[in-house]
Amino acid sequence: MRALITGGAGFIGSNLAAELIASNHQVVVLDSLMSGFKSNLESLRGVTFIEGDVRDGDTVLRAIEGCEAVFHLAASVGNKRSIDHPITDAEINVLGTLRVLEAARQSRVRKVVISSSAGIFGELKTIPIGEDHPVEPDTPYGCTKLCEEKLGLAYAKVHSLEVVCLRYFNVYGPNQRFDAYGNVIPIFTFKLLRGEPITIFGDGSQTRDFIHVGDVVQANLKAAEASGLSGAFNIGSGTRVSIGDLAQALVTATGGHGRIERGPARKGDVMHSLADIQGAARAFGFRPSVALGEGLAGYVSWARTEKARS
């Protein structure tokens with residue numbers, strides 16, 4: 001299979017590229033390097049890299065040529081980023097997705113797998129959260145990811161194109177670097193490794209469903225391989241942990257000397273999150289396999305090496 005990964009130099013995309021290359025597939029990566037790192041691809045032989053933006057239709061068409069599947073991961077990610085930069089968020093997530101879908105249609109691609117987000121749901125009304133939960137996003141980011149889904153599924157209805165939208169919960173793992181807009185695990189880990197205090201916003205009782213990037217990669221591959229399948233599915237671990245307990249676990253994993261501080265709750269942050277993943281299990285056999293303790297240990301090990309290199 002020849003596959004295009006938009007955002008393939010980023011955290012999830014580079015892990016997906018590595019797995020595809022290991023399975024002897026041909027991989028094209030399109031990435032603007034706005035948040036991706038070309039170094040994530042250095043060890044991968046055979047990847048065709050195109051530096052470009054998904055908002056540029058001609059560039060997307062060039063990248064997609066000859067591809068059977070597209071994994072669309074290029075995005076402006078995060079609630080706070082979208083609040084700070086809502087126009088850029090919409091341009092990349094909505095117009096960029098439309099460019100990818102239109103190029104896929106014109107190029108007669110078989111399958112598009114879109115990376116969506118649990119941010120589409122807003123504050124949860126039921127736990128665990130199923131695919132049929134009301135969608136009431138609280139931030140521009142959640143709104144743009146919901147629009148991505150609707151565009152993708154509309155294309156699946158009106159064109160000969162299979163589209164699967166994967167609603168990621170909190171993804172973590174190797175190649176996820178420190179970013180003030182990013183996931184709490186890299187923020188906590190890199191600060192602790194530098195001897196800096198970490199901040200819990202709110203009382204720490206808020207819970208999240210963390211899923212290892214290796215499991216997310218498998219979800220992408222299984223969704224792409226499932227013939228005749230279109231739809232939207234939750235991708236999480238099916239378990240949850242409080243931010244307070246996560247902070248303590250990371251303090252221990254990084255040597256036990258970190259200091260935890262408290263800050264006010266942030267706008268746009270939901271209180272609880274937990275995925276019902278039975279839909280993905282039934283549709284394409286998705287079953288997460290990396291426990292949080294194992295995943296955190298591996299991530300801290302990677303982060304130590306990354307910190308030493310930087």
Side-chain angles (χ1 to χ4, degrees), residues 1 3-8 10-23 25 27 29 40 67-75 77 93 97 100 104 109-121 128-133 145-146 148-149 152-153 156 161-176 183 185 208-240 273-292 294-295 298-299:
M1 174 177 71
L4 168 65
I5 307 175
T6 70
F11 157 47
I12 299 174
S14 60
N15 279 278
L16 176 58
E19 184 64 23
L20 284 166
I21 290 293
S23 300
H25 295 294
V27 175
V29 164
N40 285 342
C67 290
E68 177 186 346
V70 176
F71 299 93
H72 179 42
L73 292 108
V77 177
N93 293 350
T97 296
V100 170
V109 166
R110 177 183 64 82
K111 177 84 76 173
V112 177
V113 182
I114 293 176
S115 291
S116 184
S117 167
I120 67 167
F121 295 117
I129 183 167
E131 281 84 1
D132 59 352
H133 187 283
K145 298 307 282 187
L146 179 58
E148 280 189 45
E149 285 194 14
L153 296 179
L161 181 65
E162 296 173 13
V163 180
V164 174
C165 304
L166 303 180
R167 295 168 173 171
Y168 302 154
F169 280 62
N170 292 77
V171 189
Y172 72 99
N175 290 357
Q176 189 177 35
N183 192 298
I185 288 178
R208 296 291 181 268
D209 182 333
F210 291 99
I211 179 167
H212 191 267
V213 68
D215 287 328
V216 169
V217 165
Q218 292 306 311
N220 274 267
L221 297 177
K222 288 179 180 293
E225 293 164 358
S227 179
L229 177 68
S230 291
F233 303 93
N234 292 339
I235 301 299
S237 68
T239 64
R240 58 176 170 161
S273 183
L274 174 64
D276 181 339
I277 55 177
Q278 294 182 54
R282 289 191 297 265
F284 49 89
F286 169 67
R287 289 179 178 79
S289 62
V290 182
L292 183 61
E294 174 190 356
Y299 181 70

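Just so we're clear, the structure is a prediction, and the values are computed from it rather than from any experiment. Quick note: numbers below take in every heavy atom, side chains included, and nothing from hydrogens, waters or symmetry partners.
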K.L.:
Does K111 use its side chain to pair, donor to acceptor, with the backbone of L229 at less than 3.5 Å?
P.N.:
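Indeed, once roles are kept as given, a pair shorter than 3.5 Å links the two residues.
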K.L.:
Main chain of A224, side chain of R110: is a donor-acceptor contact present, judged purely on distance under 3.5 Å?
P.N.:
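Present.
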K.L.:
Report the relative orientation of the aromatic rings in H133 and F121; use parallel for angles under 30°, tilted for 30 to 60°, perpendicular for over 60°.
P.N.:
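Perpendicular.
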K.L.:
Could you grab the distance from atom CG of N15 to atom CD1 of I5, nearest 0.5 Å is fine?
P.N.:
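Result: 10.0 Å between the selected atoms.
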K.L.:
Rounded to the nearest 0.5 Å, what separation is found between the NE2 atom of H212 and the OG atom of S289?
P.N.:
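Rounded to the nearest 0.5 Å, the NE2-OG separation comes to 9.0 Å.
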K.L.:
Are side-chain heavy atoms of F71 and I12 found at a separation under 4.5 Å?
P.N.:
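The answer is no, as the side chains (C-beta and beyond) never meet within the 4.5 Å cut-off.
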K.L.:
Under 3.5 Å, side chain of Q176 to main-chain N/O of V171, donor-acceptor pair present?
P.N.:
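Here the side-chain-to-backbone pair exists.
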K.L.:
What I'd like to find out is whether the side chain of L292 reaches to under 4.5 Å of the side chain of T239, using heavy atoms alone.
P.N.:
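Not in contact.
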K.L.:
With a 4.0 Å cut-off, would you call E225 and K222 a salt bridge?
P.N.:
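The answer is no: the pair does not qualify as a salt bridge.
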K.L.:
Can R167 and E149 be counted as an ion pair, charged N to O under 4.0 angstrom?
P.N.:
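Yes.
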K.L.:
Roughly how far, to the nearest 0.5 Å, is OG of S237 from CD1 of I277?
P.N.:
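Between atom CD1 of I277 and atom OG of S237 there are 7.0 Å.
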K.L.:
Write down the atom of F284, the atom of L166, and the distance for their closest heavy-atom approach.
P.N.:
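It is CZ-CD2, 3.9 Å.
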K.L.:
Look up atom CD1 in I21 and atom OG in S14, then write down how far apart they are to the nearest 0.5 Å.
P.N.:
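One finds 12.5 Å between CD1 of I21 and OG of S14.
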K.L.:
Which atom names give the shortest non-hydrogen contact between D209 and A275, and what distance separates them?
P.N.:
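Taking D209 first and A275 second, the nearest heavy atoms are OD2-N, 3.0 Å.
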K.L.:
Which heavy atom of V164 sits nearest a heavy atom of S230, and at what distance?
P.N.:
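Closest heavy-atom pair between V164 and S230: CG2-CA, 4.1 Å.
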K.L.:
Looking at CG of L4 and CD of E68, how far apart are the two atoms once the value is rounded to the nearest 0.5 Å?
P.N.:
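The distance works out to 13.0 Å.
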K.L.:
Can you check whether F169 reaches I129 side chain to side chain, under 4.5 Å on heavy atoms?
P.N.:
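Sidechains of I129 and F169: in contact.
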K.L.:
Indicate the atoms forming the closest heavy-atom contact of V290 with D215, along with that distance.
P.N.:
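Taking V290 first and D215 second, the nearest heavy atoms are N-OD2, 3.1 Å.
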K.L.:
Is V213 close to F11 at the side-chain level, that is, under 4.5 Å between some pair of heavy atoms?
P.N.:
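They are in contact (side-chain heavy atoms under 4.5 Å apart), so the answer is yes.
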K.L.:
Hey, is the main chain of N234 close enough, under 3.5 Å, to the side chain of E131 for a donor-acceptor pair?
P.N.:
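Pair found, side chain donor or acceptor close to backbone of N234.
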K.L.:
Could you tell me which non-hydrogen atom of G152 sits nearest to which non-hydrogen atom of I114, and how far apart they are?
P.N.:
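Shortest heavy-atom contact: CA-CD1, 4.0 Å.
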K.L.:
Give the intermediate values and the outcome of side-chain contact (heavy atoms from CB on, under 4.5 Å) for residues L221 and E19.
P.N.:
CA-CA 9 Å; L221 297 177; E19 184 64 23; 3.5 Å; yes
K.L.:
Please examine the side chains of M1 and L20, heavy atoms only from C-beta on, and report whether any two atoms are closer than 4.5 Å.
P.N.:
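Heavy-atom side-chain distance check passes, below 4.5 Å.
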K.L.:
Determine the sole option in S117, S116, S115 for which the side chain to side chain donor-acceptor pair (under 3.5 Å) test with Y168 is passed.
P.N.:
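Only match with Y168 under side chain to side chain donor-acceptor pair (under 3.5 Å): S115.
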K.L.:
Could you grab the distance from atom CG of N220 to atom CG of L16, nearest 0.5 Å is fine?
P.N.:
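So the gap between those two atoms works out to 5.5 Å.
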K.L.:
With a 6.0 Å cut-off on the ring centroids, do F286 and F233 count as close?
P.N.:
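Between F286 and F233, the centre distance exceeds or equals 6.0 Å.
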K.L.:
Restricting to non-hydrogen atoms, name the atom on Y299 and the atom on P174 that form the minimum distance, rounded to 0.1 Å.
P.N.:
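Heavy atoms of Y299 and P174 come nearest at CD1-N, 3.9 Å.
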